[in-house]
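Read the structure below first, then the notes.
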Amino acid sequence: MTYGYSQRLVDAIQNDDSKSLDVALGKFLLRNDIPVTEASEALGVSRMTIYNWLMGETHPSRENGTRIIGWMRTYKKAQREAKIKHVPL
């Protein structure tokens with residue numbers, strides 16, 4: 001569990017089966033051990049905004065949704081490329 005995520009928040013994210021973007025973001029952050037601070041800086045929003053999305057208090061705007069999707073894709077691509085570069089010979 002990433003430092004900064006309460007067990008209540010982790011449970012809420014992991015037990016939510018909806019396909020909403022905020023749930024997908026939460027699962028992405030947990031799976032990749034990404035702190036809320038890093039996500040908020042990457043997405044240009046406050047930490048509180050991220051927490052509100054993760055708890056379902058608010059939902060990302062269309063503009064922020066586009067940013068979230070783009071950031072997650074870029075992050076995944078960078079992970080794949082890093083793994084390829086670190087393959088032992």
Side-chain angles (χ1 to χ4, degrees):
M1 178 172 74
T2 300
Y3 177 77
Y5 291 104
S6 69
Q7 190 61 49
R8 180 176 144 232
L9 179 59
V10 171
D11 291 343
I13 292 168
Q14 290 177 339
N15 294 325
D16 194 327
D17 292 331
S18 72
K19 302 293 182 194
S20 69
L21 184 56
D22 21 12
V23 172
L25 175 62
K27 289 181 179 184
F28 180 81
L29 296 177
L30 292 176
R31 185 174 43 254
N32 292 288
D33 200 31
I34 301 171
V36 167
T37 301
E38 183 179 331
S40 68
E41 290 171 359
L43 297 170
V45 298
S46 69
R47 289 180 301 132
M48 196 70 233
T49 296
I50 300 285
Y51 282 115
N52 284 337
W53 292 343
L54 299 180
M55 291 302 294
E57 299 293 328
T58 60
H59 303 285
S61 66
R62 184 176 303 235
E63 180 182 335
N64 283 327
T66 300
R67 268 194 216 126
I68 291 167
I69 292 167
W71 177 67
M72 290 192 306
R73 285 181 180 156
T74 301
Y75 194 95
K76 288 177 190 176
K77 181 180 178 185
Q79 277 187 320
R80 284 192 305 272
E81 289 174 357
K83 286 180 184 176
I84 291 169
K85 290 178 184 174
H86 292 92
V87 174
L89 297 175

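Worth saying up front: this structure is predicted, and the values here are computed from it rather than measured. Sequential numbering from 1 along the given sequence is applied to the chain's residues. The analysis underlying the following values was restricted to heavy atoms, covering all of them including side chains, and did not include hydrogens, waters or symmetry mates.
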For Ser40 against Thr37, the heavy-atom pair lying closest together:
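Closest approach of Ser40 to Thr37, heavy atoms only: OG-O, 2.9 Å.
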
Distance in Å, [X] [atom1] paired with [Y] [atom2], rounded so as to fall on 0.5 Å steps:
X	Y	atom1	atom2	result
Tyr5	Ile34	OH	CD1	7.5 Å
Leu43	Glu38	CG	CD	10.0 Å
Lys76	Trp71	NZ	CH2	11.0 Å
Gln14	Leu9	CD	CG	9.5 Å
Leu29	Lys27	CG	NZ	12.5 Å

Under 3.5 Å, sequence neighbours excluded: what are the donor-acceptor pairs made by side chains of residues 54-62?
residue	atom	partner	partner atom	Å
His59	ND1	Asp22	OD2	2.5
Ser61	OG	Asn64	N	3.1
Ser61	OG	Asn64	ND2	3.4

More than 12 heavy atoms from other groups under 6.0 Å of CZ on Arg47:
no

Show the numbers, then the answer: is there a side-chain contact (heavy atoms from CB on, under 4.5 Å) between Trp53 and Leu21?
CA-CA 9 Å; Trp53 292 343; Leu21 184 56; over 6 Å; no

Can you tell if the side chain of Lys19 reaches within under 4.5 Å of the side chain of Val23, non-hydrogen atoms only?
no

